[in-house]
Student: 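Below are the structure tokens for one structure; questions will follow.
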Amino acid sequence: EVQLIESGGGPVQAGGSLRLSCTTSGLALRETDMGWFRQAPGNECEMVSTVRSDGYINYADSVQGRFTVSADNAANVLYLVMNSLKPEDTATYYCASDINPEVHFLATCGDRLYGRWGQGTQVTVSS
């Protein structure tokens, strides 16, 4: 059974940094299309970053240059380092596996039609 557990969220001031972790089990990270998504209240679920099994990484324009995704394939952990955080980055952040990397927006994060999802971790950026 695939399990994804996010951690590392919390409150932070604008300009600060956080590192999110997605601890996975039941899959081989290096062989799986993975993604970080986020959803704020009243907003769609939006792609933050995707990592394809061929190593190609994509970022949303809104986070390009500020966020960096990486993976520890031996430990099966996916990371998202978020720098220069802005209040508009406030959202629940989700890790997802077996995604379609071409899908950048969903009505709701956690939709199992579009992959397997963790429970999310809240990031709150204050100004």
Side-chain angles (χ1 to χ4, degrees):
E1 179 185 2
V2 173
Q3 288 191 322
L4 309 172
I5 302 174
E6 302 94 337
S7 61
V12 63
Q13 290 192 329
S17 299
L18 283 175
R19 186 180 78 162
L20 305 184
S21 300
C22 174
T23 301
T24 74
S25 60
L27 59 79
L29 200 57
R30 69 174 75 241
E31 299 174 1
T32 307
D33 293 334
M34 300 291 298
W36 286 100
F37 291 77
R38 67 186 181 186
Q39 189 161 25
N43 289 0
E44 290 181 292
C45 174
E46 64 171 335
M47 180 275 290
V48 174
S49 178
T50 57
V51 185
R52 293 189 335 208
S53 57
D54 63 2
Y56 179 78
I57 297 174
N58 189 34
Y59 295 97
D61 290 344
S62 59
V63 307
Q64 182 77 45
R66 300 188 297 123
F67 291 11
T68 304
V69 66
S70 63
D72 181 338
N73 291 321
N76 276 331
V77 179
L78 186 71
Y79 299 101
L80 182 69
V81 174
M82 306 185 295
N83 295 319
S84 302
L85 282 161
K86 304 175 182 180
E88 51 263 44
D89 295 317
T90 295
T92 302
Y93 283 71
Y94 296 86
C95 173
S97 71
D98 304 288
I99 61 165
N100 178 348
E102 303 304 315
V103 175
H104 292 181
F105 291 95
L106 298 169
T108 303
C109 289
D111 188 336
R112 295 182 179 182
L113 289 177
Y114 294 95
R116 298 182 172 101
W117 299 80
Q119 293 302 305
T121 185
Q122 177 67 37
V123 172
T124 303
V125 185
S126 59
S127 57

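The structure presented is a predicted model; accordingly, all values stated were derived computationally and were not measured.
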Student: Hey, could you give me the CG/CG distance between L113 and L106, rounded to the nearest 0.5 Å?
Tutor: 9.5 Å
Student: Classify the ring geometry of Y93 against F67: parallel below 30°, tilted from 30° to 60°, perpendicular beyond 60°.
Tutor: tilted
Student: Quick check: is L78 connected to L27 through a chain of hydrophobic side chains (ILVMFWY, heavy atoms under 4.5 Å apart)?
Tutor: yes
Student: Verify, without hydrogens or angle tests, whether S49 (side chain) and N58 (backbone) share a donor-acceptor contact under 3.5 angstrom.
Tutor: yes
Student: Output the distance between atom OG1 (T23) and atom CG (D72), rounded to the nearest 0.5 Å.
Tutor: 10.0 Å
Student: Could you please spell out the steps behind the side-chain contact (heavy atoms from CB on, under 4.5 Å) verdict for M82 and D89?
Tutor: CA-CA 9 Å; M82 306 185 295; D89 295 317; over 6 Å; no
Student: With rounding to the nearest 0.5 Å, note down the distance linking CG in D111 to CH2 in W117.
Tutor: 7.5 Å
Student: So if you build clusters from Ile, Leu, Val, Met, Phe, Trp, Tyr with side-chain heavy-atom gaps below 4.5 Å, do V103 and M34 land together?
Tutor: no
Student: Output the distance between atom CG (L80) and atom OH (Y59), rounded to the nearest 0.5 Å.
Tutor: 7.5 Å
Student: At their closest point, which heavy atom of S127 faces which heavy atom of P87, and how far apart are they?
Tutor: CB-CG, 3.9 Å
Student: Under 3.5 Å, is there a donor-acceptor pair between the side chain of E6 and the main chain of G120?
Tutor: yes
Student: More than 12 foreign heavy atoms under 6.0 Å from CD of Q119: is that the case here?
Tutor: no
Student: Strictly distance-based, threshold 3.5 Å: is any side-chain N or O of D33 a donor or acceptor partner for the main-chain N or O of S53?
Tutor: yes
Student: Go through it in stages, so that I can follow the logic: the residues are V125 and K86, the test is side-chain contact (heavy atoms from CB on, under 4.5 Å), and I'd like the CA-CA distance, side-chain angles, deciding distance and then a yes or no.
Tutor: CA-CA 6 Å; V125 185; K86 304 175 182 180; 5.5 Å; no
Student: Is there a path of hydrophobic side-chain contacts, each under 4.5 Å between heavy atoms of I/L/V/M/F/W/Y residues, joining Y94 to I99?
Tutor: yes
Student: For a quick test of reading the model, state the closest non-hydrogen atom pair linking L4 to C95 and the distance between them.
Tutor: CD1-O, 3.6 Å
Student: In this structure, which one of L85, V81, N83 forms a side chain to side chain contact (heavy atoms under 4.5 Å, CB included) with L18?
Tutor: L85
Student: Taking CZ in R52 as the centre, count heavy atoms belonging to other residues, nucleotides or ligands within less than 6.0 Å. Is the count above 12?
Tutor: yes
Student: What heavy-atom pair brings R66 and S84 nearest, and what distance separates the two atoms?
Tutor: NH1-O, 2.9 Å
Student: Under the 3.5 angstrom rule, does the side chain of N73 hit a backbone N or O of L29 as a donor-acceptor pair?
Tutor: no
Student: What is the minimum heavy-atom distance between A91 and R38, and which atoms define it?
Tutor: CB-CB, 3.8 Å
Student: Between T121 and G9, which heavy-atom pair has the shortest distance, and what is it?
Tutor: OG1-N, 3.1 Å
Student: Can you tell me how far OG1 of T50 sits from CD1 of I57, rounded to the nearest 0.5 angstrom?
Tutor: 8.5 Å
Student: Please report the shortest heavy-atom distance between V48 and V63, naming the atom on each side.
Tutor: O-CG2, 3.6 Å
Student: As a quick check of understanding, evaluate side-chain contact (heavy atoms from CB on, under 4.5 Å) for S97 and T24, giving each step before the final call.
Tutor: CA-CA 9 Å; S97 71; T24 74; over 6 Å; no
Student: Could you check whether any side-chain N or O of S70 sits under 3.5 Å from a backbone N or O of Y79, counting only pairs where one atom can act as donor and the other as acceptor?
Tutor: no
Student: Rounded to the nearest 0.5 Å, what separates atom CZ in F105 from atom CE in M47?
Tutor: 7.5 Å
